[in-house]
Amino acid sequence: MTTILVTGATGTLGSQVADRLRSRGADVRGLSRRSPSYAVDLRDGKGLDAAVEGVDVIVHCASTVRGGDDRAAGFLIEAARRAGVPHLVYISIVGVDRVPLGYYKLKHRVERMVEDSGTGWTIQRTTQFHDLVLRLVTGAAKLPVLPVPAGVSLQPVDSGEVADRLADLALQGPAGRVPDMGGPEVRELAELAGAYLRATGRKRRIVPVRLAGQAYAGFRRGGQLSPRHAVGTTTFDQFLAGRLQRPV
C-alpha cells in the first residue's frame, strides 16, 4: 500500500486530495495545525520527521497568503530528504512567473526549492479556484456597491477537479513540471461578480476600479490565465448552483 502525506489536509484542497487518495486505497496521513493525527505547524517544522517517516509521496497543499511558504517548504524538504521520500508533489498557481504579486513570487520561489530538492518532484500549476472567486465577490458584496478591478479576467477551476488531478499525480512517478490546469472559461471579474449577484438575488451596482502597481498590470495582461489548458469542466455558474444550495 502506498503511504502518502498530504499537507494542508484540513483545507479546501488538501481535504479533497486526502479523500480521493483514500478512496483509491492509499494510506493517507493528513497533516495540518489542526489535524487530529499529525498536528504540525510547518512554520517551525516540529514533528515533521515523525510525519514523513516511511512515506512514499508527499502532496504539499499547505499555503498561506500571510507569508512563510518558503520557510515551511524548507522544513518539509529537509525532512523529506532525511526520510528518503522519493516523490514530492507541489500545487502552484498559473502566472507565478508572470504576475509580480508578493504571494505569487513566494510560490515561484517554492517551486524552485522543490526543483532543487534532490528528490523526485512534480509541480502542477492551476488557475484560481471557484472558491477563491466566491470569497472575493462575497466580501465585496457587503458594500453598498460591488467594486472589482477593472479589466481583469479570471479562469476559475473547480477545486475538486484539481484534487482529482493531484491524486492521479501522487499515484504516478515524478513527472517534473506538468501542463497547467485551467478552468473552462475566461471571464472578466465583473462578469463573475454579476453571476454571483444573479445567483443570490442581491442587488448591487458593479463598479470597475482601476488600480495602480505592477501586479495589477500583470493581471490586466492576463498573466494569471492559461486558455490553452482549459481542461476543467465545471463552470463558475455550475459551481454557484451547487454551492448556493448551502448557505454562503
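These numbers were taken from a predicted model, which means no experiment stands behind them.
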Would you indicate whether the side-chain heavy atoms of I206 and V145 approach each other to under 4.5 Å? no
Could you check whether any side-chain heavy atom of L76 comes within less than 4.5 Å of a side-chain heavy atom of I58, counting everything from C-beta outward? yes
Pair E115, I123 - check side-chain contact (heavy atoms from CB on, under 4.5 Å), show working. CA-CA 9 Å; E115 293 167 1; I123 293 175; 3.9 Å; yes
Under 3.5 Å side-chain donor-acceptor pair for E161 and T234: yes
Measuring from atom OG1 of T235 to atom CG of D158, what distance do you get when rounded to the nearest 0.5 angstrom? 9.5 Å
Take Y103 and T64 through the side-chain contact (heavy atoms from CB on, under 4.5 Å) test and state the conclusion after the steps. CA-CA 9 Å; Y103 179 58; T64 175; over 6 Å; no
Evaluate V137 against R204 for side-chain contact (heavy atoms from CB on, under 4.5 Å), listing each step before the verdict. CA-CA 11 Å; V137 296; R204 296 287 189 279; over 6 Å; no
Hey, are the side chains of H108 and K105 touching, using non-hydrogen atoms and a 4.5 Å cut-off? no
Without placing hydrogens or testing angles, list every side-chain donor-acceptor pair under 3.5 Å for residues 6-14, not counting sequence neighbours.
from	atom 1	to	atom 2	distance (Å)
T7	OG1	H60	ND1	2.7
T7	OG1	C61	N	2.9
T7	OG1	A62	N	3.1
T10	OG1	S32	OG	3.1

Going by an N to O cut-off under 4.0 Å, is there a salt bridge joining D69 and R66? no
Which heavy atom in V52 sits nearest to a heavy atom in R29, and how many Å separate them? C-NH1, 4.1 Å
Would you say F129 ends up clustered with L166 if hydrophobic residues are merged whenever their side chains have heavy atoms under 4.5 Å apart, either directly or through other cluster members? yes
With the 4.5 Å side-chain cut-off for hydrophobic clustering, are V55 and L31 part of the same group? yes
Parallel, tilted or perpendicular: rings of H130 and F239 (30°, 60°): parallel
Check: Y216/R210 side-chain N/O donor and acceptor closer than 3.5 Å: no
Do L106 and V114 land in one hydrophobic cluster if side-chain heavy atoms of ILVMFWY residues count as linked below 4.5 Å? no
Taking everything shown except E53 itself, do over 12 heavy atoms lie less than 6.0 Å from its CD? no
Determine whether M181 and Q124 make a side-chain contact, defined as any pair of heavy atoms from C-beta on separated by less than 4.5 Å. yes
Are E78 and R81 close enough for a salt bridge, meaning some N to O gap below 4.0 Å? yes
Only counting residues at least two apart or in another chain, list the ones meeting side-chain hydrogen bond (donor to acceptor under 3.5 Å, both in side chains) with R135. none
Who pairs with R20 by salt bridge (Lys or Arg N to Asp or Glu O under 4.0 Å), at least two apart in sequence or on another chain? D164
L211 vs F219 side-chain heavy atoms within contact, under 4.5 Å: no
So CZ of R198 and CG of L240: to nearest 0.5 Å the spacing works out to 9.5 Å
Do R243 and D131 meet the salt-bridge criterion of a basic N to acidic O distance under 4.0 Å? yes
Enter the distance from Q224:CD to Y104:OH here, rounded to the nearest 0.5 Å. 6.5 Å
Within this structure, what is the OH-OG1 distance for the pair Y196 and T138, rounded to the nearest 0.5 Å? 3.5 Å
Would V152 end up clustered with L136 when hydrophobic side chains under 4.5 Å apart are linked, directly or stepwise? no
Closest heavy-atom pair and its distance - S153, V186: CB-CG1, 3.9 Å
Residue set satisfying salt bridge (Lys or Arg N to Asp or Glu O under 4.0 Å) with R220, at least two apart, ordered chain then number -> none
Check whether Q128 reaches the backbone of V133 with its side chain - one donor and one acceptor, N or O, closer than 3.5 Å. no
Specify the closest pair of heavy atoms between A193 and L146, including all atoms of both residues, with the distance to one decimal. CB-CD2, 3.9 Å
From T3 atom OG1 to D27 atom CG, the distance as rounded to the nearest 0.5 Å: 4.0 Å
One thing to verify: whether D168 and R165 come together as a salt bridge, which I'm taking to mean a side-chain N less than 4.0 angstrom from a carboxylate O. no
Walk me through it: do D41 and K46 pass the test salt bridge (Lys or Arg N to Asp or Glu O under 4.0 Å)? CA-CA 7 Å; D41 188 340; K46 294 178 181 178; over 6 Å; no
Please enumerate all residues that pass side-chain hydrogen bond (donor to acceptor under 3.5 Å, both in side chains) together with S15, with sequence neighbours excluded. none
Over all heavy atoms of both residues, which pair between S117 and I77 is shortest? Give the atoms and the distance, please. CB-CG2, 3.7 Å
Y38 with V17, same ILVMFWY side-chain cluster at under 4.5 Å: no
For D180 and H229, which heavy atoms make the closest approach, and how far apart are they? O-CB, 3.3 Å
Test: D19 and R24 ion pair at under 4.0 Å: no
Would you say that I4 contacts L171 through its side chain, given a criterion of any heavy-atom pair below 4.5 Å between the two side chains? yes
Compare every heavy atom of T127 with every heavy atom of P156, then report the nearest pair and how far apart it is. C-OG1, 4.3 Å
So, do S159 and Q16 sit near enough that their side-chain heavy atoms are less than 4.5 Å apart? yes
L48 vs L42, test: side-chain contact (heavy atoms from CB on, under 4.5 Å). Steps then yes/no. CA-CA 8 Å; L48 260 179; L42 286 173; 3.8 Å; yes
Listed pairs under 3.5 Å, donor-acceptor, residues 84-98 side chains, sequence neighbours left out:
from	atom 1	to	atom 2	distance (Å)
H87	ND1	Q172	O	3.3
H87	NE2	T122	OG1	2.8
Y90	OH	K107	NZ	3.2
S92	OG	E111	OE2	2.6
D97	OD1	R125	NH1	3.2
D97	OD2	R125	NH1	3.3
R98	NE	G223	O	3.0
R98	NH2	G223	O	2.6
R98	NH2	L225	O	3.2

Could you tell me if the side chain of V207 sits less than 4.5 Å from the side chain of V148, heavy atoms only? no
